[in-house]
Amino acid sequence: MSLSSFRVHRIYLAATMNYGLGSNDPEELAYYNKIRKEMDDMGKEPFKRGVPLLNWDNPEEIDK
């Protein structure tokens with residue numbers, strides 16, 4: 001049986017807000033764990049900030 005959109009949304013909110021699920025349904029637990037794993041993986045990736053610097057010595061790159 002697939003999860004209804006209401007249940008998927010409820011599980012997604014619980015996972016993203018770091019709440020417990022409160023359910024023993026294996027399908028709901030699998031979806032919750034999948035979202036938590038994706039969030040943990042996103043946290044491990046480096047986040048690049050700032051503006052890339054241009055090479056002012058080469059005016060052809062500036063016009064691109």
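Heavy atoms only: backbone and side chains are in, while hydrogens, waters and symmetry mates are out.
- Remark: E27 CD to S2 OG distance equals 6.5 Å, nearest 0.5 Å.
- Across all their heavy atoms, A15 and I35 have their closest contact at CB-CG2, 3.5 Å.
- Taking both residues in full, the closest heavy atoms of A14 and G20 are given as CB-O, 4.1 Å, listed atom of the first, atom of the second, then distance.
- Atoms CZ and CG, from R36 and N18 in turn, are 4.5 Å apart once rounded to the nearest 0.5 Å.
- A salt bridge is defined here as a Lys NZ or Arg NE, NH1 or NH2 lying under 4.0 Å from an Asp or Glu carboxylate O, and R10 with E28 meets this definition.
- Nearest heavy atoms, I11 versus Y31: CG2-CD2, 3.4 Å.
- With side-chain heavy atoms closer than 4.5 Å counting as contact, directly or through intermediates, the hydrophobic cluster containing M17 also holds Y19.
- Every residue two or more places apart in sequence or in another chain was checked for a side chain to side chain donor-acceptor pair (under 3.5 Å) with K34, and none qualifies.
- In the hydrophobic cluster analysis, where Ile, Leu, Val, Met, Phe, Trp and Tyr join through side-chain heavy atoms closer than 4.5 angstrom, L29 is grouped apart from L13.
- One finds a salt bridge joining K37 and D41 here, because a Lys/Arg side-chain nitrogen approaches an Asp/Glu carboxylate oxygen to under 4.0 Å.
- The heavy-atom pair separating V8 from L3 by the smallest distance is CG2-CB, 3.6 Å.
- When side chains are defined from C-beta on, D25 counts as touching R7, because their heavy atoms get closer than 4.5 Å.
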